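Encoded as structure tokens, the structure appears first; notes follow it.
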Amino acid sequence: MPDWQPEWADVELDRVAASAAATACDAAADRARVAANALPAGAGPAVEDWNGGARRDFDDATARIDGDLATTAAALDALADAIRDAAAAAGAEQQRREDERDRWRAERAAEEDARRAELLRPGPL
């Protein structure tokens with residue numbers, strides 16, 4: 001038997017759930033970007049002749065909301081990427097484990113073949 005052991009446990013990963021989570025993050029990021037793009041158009045004619053402190057407060061709030069939406073979209077994009085990267089890493093680790101198991105089995109088979117060959121070799125008479 002080989003003098004080493006592979007990792008026998010499989011990597012636990014729900015690929016469907018990971019894909020769904022990344023897709024949901026993508027969709028939410030897109031909605032945040034759409035909302036940010038809609039802010040100026042939504043205010044449009046209402047602010048054309050609007051002056052004074054309330055207008056400045058409105059503009060400040062709109063800029064803050066726009067920034068928050070951009071930050072949220074970027075965070076959701078990063079999260080989607082991280083989910084996909086983690087799923088890919090888990091898949092690669094699972095493949096590595098399977099390859100190591102195959103290597104261990106091949107080494108064990110080779111050792112057993114060598115032992116059988118030794119037993120079948122004629123000895124001195």
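Keep in mind the model is a prediction, meaning the values are calculated, not measured. Each residue takes its place number in the sequence, starting with 1.
Between A29 and L76 the shortest heavy-atom distance is N-CD1, 3.6 Å. The two residues A80 and A22 have their closest heavy-atom pair at CB-O, 3.7 Å. For the residue pair D66 and A36, the shortest heavy atom distance occurs at OD1-CB, 3.3 Å.
Between E111 and R108, no side-chain nitrogen of the basic residue sits less than 4.0 Å from a carboxylate oxygen of the acidic one, so the salt-bridge criterion is not met. R33 has a carboxylate O that lies under 4.0 Å from a charged side-chain N of D77, or vice versa, which qualifies the two as a salt bridge. Between R64 and D59, none of the side-chain N atoms (NZ, or NE/NH1/NH2) sits under 4.0 Å from a carboxylate O, so this pair counts as no salt bridge. By the 4.0 Å N-to-carboxylate-O rule, R96 lies close enough to E93 to be salt-bridged with it.
Residues I65 and L39 have side chains in contact (heavy-atom distance under 4.5 Å, counting atoms from C-beta outward). Between T62 and V47 the shortest side-chain heavy-atom distance does not fall below 4.5 Å.
No single ILVMFWY cluster, assembled from side-chain heavy atoms under 4.5 Å apart, contains both I83 and V16.
Exactly one residue among R101, Q95, E100 makes a side-chain contact (heavy atoms from CB on, under 4.5 Å) with R97. That residue is R101.
E107 and W4 share a side-chain donor-acceptor pair at under 3.5 Å.
Formation of a donor-acceptor pair under 3.5 Å by the R121 side chain with backbone atoms of A117 is not found in this model. Proximity of a side-chain donor or acceptor of S19 to a complementary backbone N or O of R15 within less than 3.5 Å is not detected. With D10 contributing its side chain and E12 its backbone, the two residues share no donor-acceptor pair below 3.5 Å.
Here R105 contributes atom CZ and E112 contributes atom CD; the two are 12.5 Å apart, rounded to the nearest 0.5 Å.
Between W50 and F58, the ring-plane angle classifies as tilted under the 30° and 60° cut-offs.
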Legend entry - Residue pair D26, R31: steps toward the salt bridge (charged side-chain N to carboxylate O under 4.0 Å, His left out) verdict: CA-CA 9 Å; D26 289 335; R31 284 192 302 273; over 6 Å; no
